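Data first, discussion second: the structure below is written as structure tokens.
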Amino acid sequence: MNFKQIISEKLNQALSQQVSSEKLAQLIEKPKDLAKGDYAFPTFTLAKQFRQAPQQIAADMAKKLNTDGFEKIEAVGPYINFFIQRDQFTSRIIKQILTEADFGKNQEGAGKNIVIDLSSPNIAKPMSMGHLRSTVIGEAISKIAQANGYHTIKINFLGDWGTQFGLMIASYKRWGNDQVINANPVDELVKLYVRINNEAQTQPELKDEGRRWFKKLEDGDPEATKLWSWFKEVSLKEFQTIYDRLGVTFDSMNGESFYNDKMDAVVQLLADKDLLTKSQGAEIVDLPKLLPDANFPIAMIKRSDGATQYITRDLASAIYRQDHYHFDKALYVVGAEQKDHFEQMKAILRLAGDGWADDIEHIGFGLITMNGKKMSTRKGNIVPLVDVLDAAHKLAAEQIAKKNPNLQNAEQIAEEVGTGAVIFNDLQNDRNLAIDFNLEDIVQFEGDTGPYVQYTHVRAMSILRKADQSVDSTQEIGLVDNEAWGIVSKLSEYGSAIQRAWQLREPSIIAKYLLNLAREFNSYYANTKILVADKNLNSRLALVQSVADVLASGLKLLGVAAPDKM
RNA sequence: GCGGAAGUGGCUCAACUGGAUAGAGCAUCGGAGUUCUAAUCCGCAGGUUGUGGGUUCGAGUCCCACCUUCCGCACCA
């Protein structure tokens, strides 16, 4: 029984059940300002129904409401404000946090599978800031889903197939050097890729050479296969170091090449359902004709040269994933610019009669640009993710050297703080906001940042270490003091933040929640001496422990480390 | 042209999905150090929420029109 229910029951009785408690519950809100109360009920809609001034209704009802379970209930203008009994509530919340390992989490998704497509870099290209977004958002959503009881399957749909690899092979055959490549694999492969694209502008025959090599690759030519495998191997090795730094793991690394032998089945399926049309030598699904109201462009299934397209591979993978994982939801964490692509894909699956098409969700995110322009490997204006992580690490190490020179494991903690800053920075805003790349913004450690939250956790842990006693959660934990109410109130909202973050597929809700909680705690910390041997010491320590627990738990949901010292 | 996302203090973003005086962080300015870590805290200043209409008790939020920016619209992925 939560407060909204309790309050709506009370209101329902005060109104002699003329309005259902469900309706009343919907109207209840939380005032922005705690001084106005913990919950509030606006009477405007009732004013209309009963043809009375809202102020009057509020005043009349406030008199009729019994205050059981509340410190006070008062009418202020057209609002009825409810104040929770703070000591009882504090005690309950803090004991929950200290004794329940999964405080704030729920089991709504028990027994359900969520497939999440994330990261998906192209092999032989460096991971860039764009891949960071997909990786970090996907990872956070996965953990948030788990916190809501779901079972998740994370898939890294590697871009490891396509004409570009024919071009790479062609370029390698002309200019490649094993020693140089082995010394710095992805960098050198990119150079080869950029070079052949540039030279192809004046020598178009190079493109044909690339296509020929890709055809050989598709036909299983030993030399082509060997080179492709090598490119893939060195790329994956390099990717892995980044995934390790970000703390991200995958349940499947089946990339596009994995679906190579499953394409014919998709084409056949579409043909059987009468969805395929020939147009200008290509095989397409004529969506404008099939769904005239939907405003889709056509979907190309096979190019005029017989090669399959992106959407064909995505259709194959979607079908495979449904067959294998029986997902309740399949989330694709892919840039917002691909919205239409996923809408098309779903439309085709629906036309093919797959009822689960509606369980596919595209989780888009805003484009990262550089100086307002789209980044492109071919044009050479990308920011490798490693560089950003390294810059953040270096800055964190400098801060530690300055502020805490005796810190043990300084290197490891510099890494946790540095990557923490990068990850948090990416997650703290609404995911579909576009971002113009700015290194200074990313490696900020002050104000609304990851390190701010980490530091708050460190402060709490430091107090607990210095305390002569450990927290006794069996002892009565009373109202700590009025200044602490803001913290307790925030702590109690952790569960709803987790729910909302999942419903909206929005990690920023957790990030913002953590910033608010950290701010409340830091403010309290500045005004209240915690380690004082009085009768409330245990209560205060319990509060500090609760804050530390929730901060650590929330940071973990975002994939950010919560060190004890920094 | 059609479709999508966005427009809120100098900058980056909030606003519990229609509620009370639009809140934070950066930057600026002024304070707080023998103290539980100052990666912190407190304060001043800064706003006609792109423009114009509409809906209603009430609009940053919903509807219509327009303006600006970014993205997408078949042989790249």
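As a basis for the values below, the full set of heavy atoms in this structure was taken, side chains included, without hydrogen atoms, waters or symmetry mates. These figures come from a predicted structure and were not determined experimentally. Within every chain, numbering begins at 1; the chains are lettered A, B, ... in the order of the sequence lines, protein sequences first and strands thereafter.
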Hey, does the side chain of [X] come within less than 4.0 Å of [N]'s phosphate (OP1/OP2), counting only N and O?
X	N	value
Y452(A)	C41(B)	yes
K403(A)	U40(B)	no
S523(A)	C42(B)	yes
R519(A)	G25(B)	no
Y310(A)	A77(B)	no
K339(A)	G4(B)	no
K32(A)	A15(B)	no
R540(A)	C36(B)	no

Are any of the side-chain nitrogens in [X] or [Y] under 4.0 Å away from the carboxylate oxygens of its partner?
X	Y	answer
E506(A)	R500(A)	no
K402(A)	E398(A)	no
K215(A)	E218(A)	no

Distance between the [atom1] atoms of [N] and [M], in whole angstroms?
N	M	atom1	answer
C13(B)	G60(B)	C1'	14 Å
G53(B)	C70(B)	C1'	27 Å
G47(B)	A22(B)	P	13 Å
C62(B)	G19(B)	P	11 Å
G7(B)	U49(B)	C1'	9 Å
G25(B)	A65(B)	P	39 Å
C71(B)	A59(B)	C1'	29 Å
G4(B)	A45(B)	P	43 Å

(message) Is there aromatic stacking of F44(A) on G58(B) here, judged by a ring-centre distance under 5.5 Å and a plane angle under 30°?
(response)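 Whether judged by distance or by angle, F44(A) falls short somewhere, so it does not stack on the base of G58(B).
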(message) Distance alone, cut at 3.5 Å: any donor-acceptor contact between the side chains of D314(A) and H341(A)?
(response)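 Yes, because at least one side-chain N or O of D314(A) sits under 3.5 Å from a partner of the opposite role on H341(A).
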(message) With the 90 degree cut-off around zero defining syn, does U12(B) come out syn or anti?
(response)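 With its glycosidic angle more than 90° from zero, U12(B) counts as anti.
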For a quick check of understanding: with a heavy-atom distance under 4.0 Å over all strands, which category does [X] fall into, base, sugar-phosphate or nothing?
X	answer
N438(A)	nothing
I301(A)	nothing
L158(A)	nothing

(message) Quiz question: going by heavy-atom distance under 3.5 Å, is there a donor-acceptor pair between the base of A39(B) and the side chain of N404(A)?
(response)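 Side chain to base: no pair present.
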(request) Can you check whether any acceptor in the base of A74(B) is under 3.5 Å from a donor in the side chain of S279(A), or vice versa? (result)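 Under the 3.5 Å cut-off, the side chain and the base do form a donor-acceptor pair.
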Tell which nucleotide pairs with [N], taking only Watson-Crick or G-U wobble pairs whose two distances are both under 3.5 angstrom.
N	value
G72(B)	C2(B)
G23(B)	C13(B)
C29(B)	G43(B)

(request) Check F342(A), F157(A), F365(A) against Y332(A) for a ring-ring contact (aromatic ring centres under 6.0 Å, His included) and give me the one that passes. (result)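 Passing option: F342(A).
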(request) Please tell me which of the listed nucleotides, C75(B), A39(B), C2(B), lies nearest to the side chain of Q280(A)? (result)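 For the Q280(A) side chain, the nearest candidate turns out to be C75(B).
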(request) Could you check which of A74(B), A38(B), A14(B) has an atom nearest any side-chain atom of R459(A)? (result)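 The nucleotide sitting nearest to the side chain is A38(B).
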(request) Take T369(A) and A40(A), find for each the nucleotide of RNA chain B with the closest heavy atom, and name the residue whose nucleotide sits nearer the 5' end. (result)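 Its nucleotide being nearer the 5' end, the pick is A40(A).
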